[in-house]
Structure formats: structure tokens, C-alpha cells
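Here's the structure we're looking at; comments come further down.
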Amino acid sequence: LKSALFTGVKIFTGKEIIKKGFILIENGVIKKVGVGRADWHVGKQVDNFQSFENKNFMFIPGFVNAHAHSGMAFLRGAGGDRTFEEWLFKEITPREAKLDAEAVYISAILSQMEMARNGITAFCDMYFHSDQICKAVSEFGMRASITRGLLDKGGENGRLEENLKLFDHWNNAGNGLIKVGFGPHSPYMCSREYLKLIAKTALELNSFVNIHIRESEKEKEMYSIEELADTGIFNVRCLVAHGVYIKEKEMDILNKDTVHIIHNPSSNLILANGIAPIPQFRRKGINTALGTDSVASNNTLDIWREMLLSALIHKGNLKDPTVISASDAFEMATLGGAQALGFEDTGLIGEGYKADLALINLDSSHYFPENDLISNLVYSGRSSDVIGTMVEGEWIYYFGKYPKIDERKVIKKAKEKFQQLFC
Ligand SMILES: [Zn+2]
């Protein structure tokens, strides 16, 4: 598609609502957004003109899943209702040891199918066999920031070398749809020297770091935020996943343009790790975004649920209904994620922005009446309202279909592979 004109459609640009308007896309970039019927196009040559005049459809900026492990699709539901340590070391790690390159590749396709169906246009990933994830992303057509999980507790085993190769081969692939960064798993899996080396490498390559910090309470005793700052990881763009146990004083260390906090409310709740102090981070002016984490700790890649939870749990937790508003939650799910991932020309619908969009069907009783469309989206909306998901002007999901892949073949291959590895 790449170029198109959509008219007769509602638009929530991320800043304002246009009750009836149009979007003109040229070569994957939004050329014009406006109010009214786009009469200027009459008599002119326009590619792919489509009117939604008789529908109640709305374009919104595509959602960003800023923390995911797309290679884990085969582990959905494994080890539920366990403690964090039991879940990670007794249930997840032994299963992960069985995953080969093909399993990770199929998982990454399955994960993108699930994300695209939920209106997600971009995601940030940490896993292994990351070359397979990049391959899956380039075929499926999503925008993604991919990192190789790194750790040196128990031996480094050339993972950083592999991450560098990944960078050389895949960074900026697909015309910049794929960015490669570095994924030190956590301060308890990585030595300080190793973190220093990773930070230096990422900085030199103008890349980024993706790390889990203070996910569980135990980590408070394991390391300080000061010593992490000394390694330099916060001097390069750094996606800090979780940040559940970070005190006010430590937030000041993290209060830099380079640091982005990724909130994963479902994962933190399901593993009983607690509730991250997201309103406090936001009050400091630190960018916050949303992530689903993996299907082994969620167990969906449904960003709508994360958006709803982020708008609900802090109100209850702090007994204050104003701490995260519906538009705050929406912004975390879109623009906040786009900024964390470093895709500066995404996250909003506006001239010059990439056409990364989700199309929502508002023709449903749960959207009536439209007293407040943003409130409707966050509190009443659900992922099944998504009818189309577009990345740079190309549909990756449209009316139940995935234009770029053979869904039935993927499901068949996934079942066979699961049988082979786990049954
Ligand atoms: Zn994670």
C-alpha cells in the first residue's frame, strides 16, 4: 500500500480528536491530517482512496509494546501461580533450554500476530537466537528494537560478540524498521565490569541498552542504583524494565533524558512482584512506557490490558483518582513507547510522522455514547475492537487477516514444533 487516502474517519492523533477527518499517506509517511471531507482530492490522482463515511471507525497511533520477549510464545502459561524465583528458575529456564532457532523464529511470528491483532505496531525485544527474531520481524513487517539477552554470571560464552554481529547485520534493516540494541538481562546476572563494557559498546555505536532493574523486592539488597549509574548504562539510551522497587532518592539518579521506565503491570502482578511507582516517575518528568513482558508472565501480549491496568492500579494503590488519567495511560501506550524505542517520528498522528496506525471499530454498544472518547478507549475499549494495524503505510493486520504471512502454515508449524520439543 504505502500510499493511501482515508476519509470519513474519526482520528485521535494522540493530542486531539478529529470527529470526521482524513489522513493522506505517501510512501509510508503521513502527508496530511485534516478535518472534513478532503474535497481537495476530487479530480486529483490519489492512490488507494478509501472512504469510511458510513462506518464509525477511528484511527489512533499504533501501540508500542516497550518490553517483550517475542521468542517465548511456546512458554505461555508455563509455571503460573508460582513465586518469582520458582517461576523463573524451575519452570522457565529448563523449558528455554529446549528452544532452538526454529522455535524462536516461529514464536516471534506468533507473537507478532498476537501483537498486530491488538493494534501494536512496534515492540522492544530481549531474547536469544535474536537473528531469528530479526528475520521474523523483517518478514512480518513490524517495527522493532531487538536486543540479545546478555549475562556473564556463569560465563559470558560470546553473547556480546553475538549481539555485535546482530547489530552489524540487522541494525537499520528494512529501511530503519529494525534497530538493534544490547540486552544485559539484569544487574544480578551481569557483573559491573560487563555492564561497563556493554554501556561503552552501545554508546560507541549510538545504540541503546535494554535491561530489567528492580523487578523483585529481593533485588533491593543485591545492588544499588548508584553502582549501576557508575557503569555508564544510564548515559546511553536505556530502557529500564519494571523499576518496581526504586526509591524517591534513586529516581533522581534515573532522571535523565536517556532513561525510560517500562511499566509491565500484568507481569508484576501475576508474579506478585508489586506495583511500580509510575506516578512518581512521571512527576519527576521521567518518560514512562508500557510493556506486556512475555506470555510466560502475563499471559497475553494485549497492550490494552496494560493500558487499563496502568490507569486503574495506581488510583487504588495511592487512593487518588488523578494520578494516572486515561490520556496518561494512552500516552504511555503510544508516544511514551515510541520515545523509549527511539523511533522519534512515530507515536502520534501528524504531518511528517510515519504511518504507524491502528484502526478501531467504534460501532459497538460499549462505545456508546461518546461523551469522552479517550475515556471510552482506555476504560471501555478492548483489543478485539482493532480492525486494522498499519506500519509505515502497510497493513500488517486487516479485517482478521495478516497480509504478509500464511497464518495457517504458521499455526501448523507451531503445533508440530511444540509437539517435537515438549511432548
Ligand atoms: Zn522481561
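Every number for a ligand or one of its atoms is a count from 1 in the order of the listing.
For the Zn ion (ligand 1), protein N, O or S atoms closer than 2.8 Å were enumerated as His67 NE2, His69 NE2, His212 NE2, Asp293 OD1, with waters left out.
Within the 6.0 Å centre-distance limit, the rings of Phe63 and Trp304 are counted as a close aromatic pair. For Phe6 and Phe57, the ring centers sit 6.0 Å or farther from each other.
Within a 6.0 Å sphere centred on NZ of Lys256, heavy atoms belonging to other residues, nucleotides or ligands number more than 12.
For the side chain to side chain donor-acceptor pair (under 3.5 Å) condition, no pair includes a residue of residues 180-189, sequence neighbours left out. Sorted by first then second residue, the ring pair (Phe, Tyr, Trp, His ring centres under 6.0 Å) pairs that include residues 255-279, not counting sequence neighbours, are His263-His314.
A search for ring-ring contact (aromatic ring centres under 6.0 Å, His included) contacts involving Phe368 returns nothing, not counting sequence neighbours.
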